[in-house]
Amino acid sequence: MKILVLNTGSSSVKYRLFDGADTVAKGLIERIGEADGDAADHGAALRQIMDSVDLSGLAAVGHRVVHGGSDFEKATVVDDDLVAAVERLVPLAPLHNPAALTGIAVARGLLPDLPQVAVFDTAFHASIPPEGAVWAIDAELARRWQIQRYGFHGTSHAYVSRQTARLLGRPVGETNVITLHLGNGASACAVQGGRSVATSMGMSPQGGLVMGTRSGDIDPTVVFHLHREAGMSIDEIETSLTRGAGLQGLAGANDMRTVQERWSAGDPAATLAFDVYCRRIREYVGAYYAVLGRVDAVTFTAGVGEHSPEVRAVSLSGLSALGIEIDPDRNERGEKIISPDGGRVAVCVVPTDEELEIAEQTRTAIA
Ligand code: ADP
């Protein structure tokens with residue numbers, strides 16, 4: 001059974017065609033609408049994809065949709081009501097949801113007889129209990145404006161926590177994992193028996209851990225202060241906190257490899273950026289340990305998590321009292337389990353595969 005997975009961005013479409021768990025085709029159409037781009041518009045981009053791959057035996061198209069608000073707790077077959085609901089959520093994800101809607105509309109037009117499935121980044125976190133999702137602000141304002149923690153990277157946290165249980169040879173339903181997705185965007189998740197019970201991103205993918213260009217958690221007064229005292233507009237502040245903050249803001253580079261090169265060379269700004277990045281991870285690991293009560297594994301994934309032994313070592317340093325320890329040689333070699341044998345908490349490195357998870361959730365949704 002073949003599944004086509006589409007990740008439609010504002011100016012790009014990433015696609016991957018699965019046959020079972022095997023990838024039979026994949027690619028990226030970029031700079032859509034630009035003079036030297038790969039396609040004139042999203043319609044042309046999707047037609048190009050469909051013309052280039054063998055769609056025989058295709059059972060469904062799975063679309064990555066960033067924001068499902070509190071409407072969607074799992075991957076859902078697309079109909080007009082779903083499209084209307086995702087449209088209503090555009091104010092919560094103004095950059096991402098319109099692109100996904102375009103992808104859905106074009107794919108429905110080109111493949112009208114095939115089920116289309118929306119797979120939400122937020123859905124895995126629908127199981128977070130109210131005390132972990134609600135902020136202590138005016139309840140009426142929060143209700144009216146849909147202000148709460150939704151969380152993101154859900155397909156990655158779901159996939160990686162399940163893979164971790166498999167790696168440890170334990171049933172998912174009896175395994176507690178803290179997953180650390182450290183890519184350009186970064187988030188932590190506490191997974192209790194296969195269900196998300198806490199995550200670091202909030203209403204948007206801006207909160208929580210330090211990221212490539214995003215600040216992660218800050219005191220909201222920073223915004224008021226920059227507006228009143230620095231005379232910056234709300235848009236300017238948003239741009240600064242989302243594109244000029246994080247590693248970029250502290251070290252002048254958003255790529256962890258660059259930050260680590262400068263850190264190794266003794267650059268003070270890069271050293272501070274690295275330390276702030278790792279300390280924030282450690283704070284979340286401690287917090288989620290307290291939320292879970294018992295932790296079976298801490299798992300690193302995504303670009304930084306999979307490839308930086310330095311970040312793994314520093315962010316989990318000093319936690320041996322919690323049973324969290326790293327074996328330096330295993331860590332350096334990037335083994336799947338990098339904790340010493342017999343440790344109370346396994347520390348794992350598991351490559352994420354969001355597209356495969358989207359394909360599997362699509363399959364489940366149409367079954
Ligand atoms: P995205 O979130 O866009 O999918 P990735 O998961 O690919 O991104 O992660 C990108 C990040 O991973 C970048 O900051 C990059 O510097 C970092 N990264 C990749 N390889 C390494 C490495 N060997 N050491 C440290 N960081 C790395």
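The structure presented is a predicted model; accordingly, all values stated were derived computationally and were not measured. Every number for a ligand or one of its atoms is a count from 1 in the order of the listing. Excluded from the calculations below are hydrogen atoms, water molecules and symmetry mates; all remaining heavy atoms, backbone and side chain alike, are included. For the single chain, residues carry numbers from 1 onward in sequence order.
The single protein non-hydrogen atom nearest to atom 26 (N) of ligand 1 is Met256 CB, 3.7 Å, given as residue, atom name and distance. Ranking the protein heavy atoms by distance from atom 22 (C) of ligand 1 puts His307 CB, 3.4 Å first. Looking only at heavy atoms of the protein, atom 11 (C) of ligand 1 is closest to Val304 CG2, 3.9 Å. Nearest protein heavy-atom neighbour of atom 5 (P) of ligand 1: Gly303 N, 3.7 Å. Among all protein heavy atoms, the one lying closest to atom 27 (C) of ligand 1 is Arg257 CG, 3.7 Å. Looking only at heavy atoms of the protein, atom 16 (O) of ligand 1 is closest to Asp255 OD1, 2.3 Å.
Identified under the ring-ring contact (aromatic ring centres under 6.0 Å, His included) test for residues 265-287, with sequence neighbours left out: Trp263-Phe274, Tyr284-Tyr288. Among residue pairs with one or both ends in residues 102-115, those qualifying as salt bridge (Lys or Arg N to Asp or Glu O under 4.0 Å) are Asp80-Arg108; sequence neighbours excluded.
Residue Asn184 places at least one N or O, backbone or side chain, under 3.5 Å from an N or O of ligand 1. Here's the thing with Leu182: none of its N/O atoms is less than 3.5 angstrom from an N/O atom of ligand 1.
Of the charged side-chain nitrogens involved, none lies within less than 4.0 Å of a carboxylate oxygen, so that Lys26 and Glu355 do not count as a salt-bridged pair. Salt-bridge check for Arg257 with Glu261: failed, with every basic side-chain N at 4.0 Å or more from each acidic carboxylate O.
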Practice problem: Go through the steps to decide whether Arg333 and Asp327 satisfy the test salt bridge (charged side-chain N to carboxylate O under 4.0 Å, His left out), and finish with yes or no. | Solution: CA-CA 10 Å; Arg333 287 196 295 268; Asp327 177 295; 5.5 Å; no
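Counting the atoms of ligand 1 from 1 in the order shown, those under 4.0 Å from a heavy atom of Ala302 are 6 (O).
Judged purely by atom type and a 3.5 angstrom limit, His125 uses its side chain to pair as donor or acceptor with the backbone of Phe152.
By the 30° and 60° cut-offs, the orientation of the rings of His153 relative to His181 is parallel.
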